[in-house]
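I have placed the structure first, in the form of structure tokens, so that the comments after it can refer back to it.
Order of the sequence lines fixes the chain letters, A, B, ..., with proteins taken first and strands second; residue numbering starts at 1 for each chain.
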Amino acid sequence: MRPWTTAGRRERAARDADFTAFVAASSPRLRRTAYLMCRDWHLAQDLTQTTLAKMYAVWDRIRPTANLEAYSRRVLLNAVFDLRKRRSGTEVVLAELPEPPGNHPENDPELHVMLMAALETLPVRDRAVVVLRHWEDLSVNAVAEILGVTPSVVKMQNMRALGRLRVLLGEDFIRS
Amino acid sequence: MDQDLRRLFERALADEPVPPPGDLAGAAMAAGTRMRRRRGLLAGGGAAAGVVLILAAVLSLTRPAPPPSAPMVAPTPAPVGDVCTMAVNGAATVASVHLREDATEDQQAAIGKKLRADPLVRVVSFEDPDRAGARFRVPWPDASGASPSYEPVAPPPGVFLAQLVDPSQYPAFAARFRGVPGVERVVRSLCPEVTPSREHE
């Protein structure tokens, strides 16, 4: 479709309108998932914008695809993994694990803070599995698809991650 | 425990700030267009040429690459840089191996290693978009000219520049590298101070 013809312009406008609608619908959730991965709202916004830009760059190709939401998660998480690699081992956000709940019973309301700190100590891909399974509520197969691994790897990483969280957060975590 | 985790996540998200002002979709479209332009997928035939290039890339992954034909859309010429200052013979051919946007660091390292080991390659250099450091924000004005609070972060993908010992062997060289994971495309250039000979079409 030649872009300089009227039909071409109409086609492009429709394509852009589709994309704008997709951005409106998906960006809040993308940003929140990004935040849970990196604990920085500023960075989460940047990652969301990068993800959307990359999707627009191939929008013609992926637009007919059934599952743009899953595709967006894959692009977002690859951007997160890539960010960590570029910083070669230094933490994107330094995570200091606070005292275990037993020492400060009055801090129980802060359990979510401890959860986030505990998440930071996990390998980044385990963290992604936890966020996709337990925040995005995606199935094992959907998570496997997004991360490009087998479902059994997802199950193993999930179990390992939850086990670690239990150890770090103590009994209160299981009870609450 | 699933319910508990979800509740905790929701509490962790409770301090979400109001999204910054500025047109997120518009900024994404502008940045995405820039990415497409860098890959040489924008020009008269736009989407059609893009499909041809993508098909060509897919085909080269599944069978031996056909001899390179003239691309439908002229890609952005690669900077030839100091690879050319090391030219010894008269006609120096430089092959630029462009990395994909989503190429990983491992893939990049593997490509560099393969280039240095290739008998056809005399000199290799790498144009690293990250050389300026962890450049996190690139100013990107919106339609009204004002800079939004948040800007795209994606740096352009890197390019390897390889000077070839024997320019007539370029097709074989390109065939070797086109299917390599992380490679977006391979383009041939000539060093600027050299007059093209007939073997360079």
Inset, instruction - Determine, stepwise, if the pair A/L52 / B/L24 fulfils side chain to side chain contact (heavy atoms under 4.5 Å, CB included). - result: CA-CA 9 Å; A/L52 293 168; B/L24 181 59; 3.9 Å; yes
Inset, instruction - Apply the test side chain to side chain contact (heavy atoms under 4.5 Å, CB included) to residues A/V58 and B/R39: give CA-CA distance (whole Å), side-chain angles for both, the deciding distance (0.1 Å), then the verdict. - result: CA-CA 11 Å; A/V58 292; B/R39 294 178 207 163; 3.9 Å; yes
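Atom CE of A/M156 sits in a crowded spot, with more than 12 heavy atoms from other residues, nucleotides or ligands closer than 6.0 Å. Counted within 6.0 Å of CZ on A/R74, heavy atoms from surrounding residues, nucleotides or ligands total more than 12; the atom is thus considered enclosed. Within a 6.0 Å radius of CD in B/Q107, more than 12 heavy atoms belonging to other residues, nucleotides or ligands are found. Atom CZ of B/R176 sits in a crowded spot, with more than 12 heavy atoms from other residues, nucleotides or ligands closer than 6.0 Å.
Between A/R31 and B/E16, the shortest heavy-atom contact is NE-OE2, 3.8 Å. Taking every heavy atom of both residues into account, A/A57 and B/G32 meet most closely at CB-O, 3.5 Å.
The structure places CG of B/L13 at 5.0 Å from CH2 of A/W41, a figure rounded to the nearest 0.5 Å. The CG atom of A/L165 lies 7.0 Å from the CG atom of B/L5; values are rounded to the nearest 0.5 Å. Going from atom CZ of A/F81 over to atom OG1 of B/T104 covers 12.5 Å, rounded to the nearest 0.5 Å. Note that the CZ atom of B/R11 and the CE atom of A/M116 stand 13.0 Å from one another [nearest 0.5 Å]. Here the straight-line distance linking atom CE of B/M35 with atom NZ of A/K54 works out to 6.5 Å at 0.5 Å rounding. In this structure, B/R7 CZ and A/L115 CG are separated by 12.0 Å, a value rounded to the nearest 0.5 Å.
Of residues 17-30 of chain A, those residues with a non-hydrogen atom less than 4.5 Å from any non-hydrogen atom of chain B are, in numerical order, A/F19, A/T20, A/V23, A/S27.
Contact of the B/F9 side chain with the A/H112 side chain is not registered, since no non-hydrogen atoms from C-beta on lie closer than 4.5 Å.
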